[in-house]
Amino acid sequence: MTITAPHLGSPKAWTDAQLLYALEEVVEKELNRHLKVAKDWMPHEYVPFSDGRNFPGVFEDGEAWQADQSKVTDIGKIALVVNLLTEDNLPSYHHEIASLFGRDGAWGTWVHRWTAEEGRHGIVMRDYLLTSRAVDPDKLEQFRMAHMAEGFESDNRHSMLHSVAYVAFQELATRVSHRNTGHESGDPVCDRMLARIATDENLHMVFYRNLLGAAFELAPDLTMQAVRDVVVNFRMPGHGMPGFERAAAQMAIGEIYNMRIHHDDVIQPVLRYLKVLSIDGLGPDGLKAQEELGLYMGGLDNEAAKFDEKLAARKARMAARAGA
């Protein structure tokens, strides 16, 4: 695909408004592709409602929550809470992308469609957690209130290109986190639910990845700089939730999401698909950003290797203790 927009001036003169206009046709194409391949699904079909029972409160027969009432593993519970609280901030995410991308035309249609699809994820995850009694419902609601009361401000809200680059990686990161959580949950019902959510997240990633590819053809230097900035400073959207750092560390050890996964399964696939590190024809700023990105990826791989060694040593110690 080749995009030309001579009436909009040189690449150095691009503004967000000009880029939004120039990419509108690509957004419409990707939106139509998405609508053809995306399948509607019913959240209630993935929830074991027959397992549910009343909690104490307005119901006199309510049964208090106990930690042993669910078959979900400890790491599965931690990751489910992180993933759900991330989804809970959807109103703030919608505000962010609607402000950046607009509410009209193909951009607006995509913004609203994306929001509607993401809304199902929070619905089905919360219903599952409550009916399966996987987590303390009071603490879950307290965490939700605290997290949403803080709101969300994207690190990339200053730039449309940075925002497109961020979501291309972030949607894949979310897909990987959901999928690995399902695998490690210990509950086939949970695994099926999260596999369904992960399918949505993958389609969202494809939309933004293809849009990012079009941006490289349109404004390669600016897009390369945006990708460099996003990759180097990447943070998951739930970083502000209560206890996130501790939960993230536990998820890293539990191999749900860690540096190796981030490097191999999130950043590298997008860079490789778009051939970001081999794009030629860049100007001085683009070349500098490309070189810095390559150096950063090498450093991230080295850090991931160190983490792998520490994780392997930890597993060996645990196996030794279990065999003692």
Side-chain angles (χ1 to χ4, degrees), residues 1-3 11 14 19 23 26-27 29-30 33-34 97 100 114 154-156 158-180 198-237 239 248 251-252 255-308:
M1 172 175 38
T2 301
I3 302 174
W14 288 120
L19 285 166
L23 289 168
V26 181
V27 172
K29 175 185 174 183
E30 289 302 316
R33 181 199 54 77
H34 177 84
I97 65 171
L100 278 165
W114 175 88
S154 170
D155 295 333
N156 304 289
H158 63 287
S159 160
M160 188 276 284
L161 270 182
H162 282 72
S163 296
V164 169
Y166 175 74
V167 289
F169 295 105
Q170 181 267 320
E171 292 285 4
L172 183 52
T174 305
R175 187 205 81 174
V176 169
S177 180
H178 282 310
R179 201 68 194 93
N180 289 344
T199 298
D200 280 2
E201 303 290 10
N202 193 64
L203 291 177
H204 297 165
M205 179 276 294
V206 170
F207 177 94
Y208 286 119
R209 183 197 64 193
N210 292 351
L211 189 58
L212 185 62
F216 265 114
E217 294 190 19
L218 189 66
D221 287 341
L222 291 177
T223 305
M224 185 66 72
Q225 293 173 76
V227 169
R228 174 203 57 196
D229 294 344
V230 164
V231 170
V232 170
N233 300 295
F234 186 87
R235 295 195 296 177
M236 290 295 278
H239 60 81
M251 289 169 67
E255 297 183 86
I256 288 176
Y257 200 95
N258 54 41
M259 278 193 289
R260 173 53 62 199
I261 293 170
H262 182 65
H263 177 277
D264 290 1
D265 300 336
V266 176
I267 304 300
Q268 281 285 29
V270 176
L271 297 182
R272 186 166 52 245
Y273 183 89
L274 297 176
K275 299 180 174 60
V276 174
L277 295 178
S278 60
I279 290 176
D280 55 17
L282 297 168
D285 291 338
L287 285 170
K288 181 174 183 289
Q290 187 181 51
E291 180 182 0
E292 291 174 346
L293 178 61
L295 291 172
Y296 176 81
M297 290 303 296
L300 181 62
D301 189 32
N302 290 335
E303 290 299 314
K306 294 177 184 177
F307 175 84
D308 291 342

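The shown structure was predicted, so the numbers you read here are calculated from the model rather than taken from an experiment.
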Any side-chain heavy-atom pair of [X] and [Y] under 4.5 Å:
X: Gln170; Y: Phe234; result: yes
X: Phe216; Y: Val276; result: yes
X: Tyr296; Y: Val231; result: yes
X: Thr223; Y: Val164; result: no

Is a side-chain donor or acceptor of [X] paired with a backbone partner of [Y] at a separation under 3.5 angstrom?
X: Tyr273; Y: Asn210; answer: no
X: Gln225; Y: Asp285; answer: no
X: Asn258; Y: Ala252; answer: yes

Quiz item: Closest heavy-atom contact between Ala173 and Met236?
Solution: CB-SD, 3.7 Å
Quiz prompt | Pairs where residues 262-280 contributes a residue and the test salt bridge (Lys or Arg N to Asp or Glu O under 4.0 Å) is met, not counting sequence neighbours | solution = Arg260-Asp264
Quiz item: Do any pairs count as a salt bridge (Lys or Arg N to Asp or Glu O under 4.0 Å) and have a residue in residues 198-214, sequence neighbours left out, and if so which ones?
Solution: Arg196-Asp200
Self-check item: Contacts of type salt bridge (Lys or Arg N to Asp or Glu O under 4.0 Å), residue Glu255, not counting sequence neighbours
Solution: Lys315
Practice problem: May I ask you to decide whether Lys288 forms a salt bridge with Glu292, counting only side-chain N to carboxylate O separations under 4.0 Å? | Solution: yes
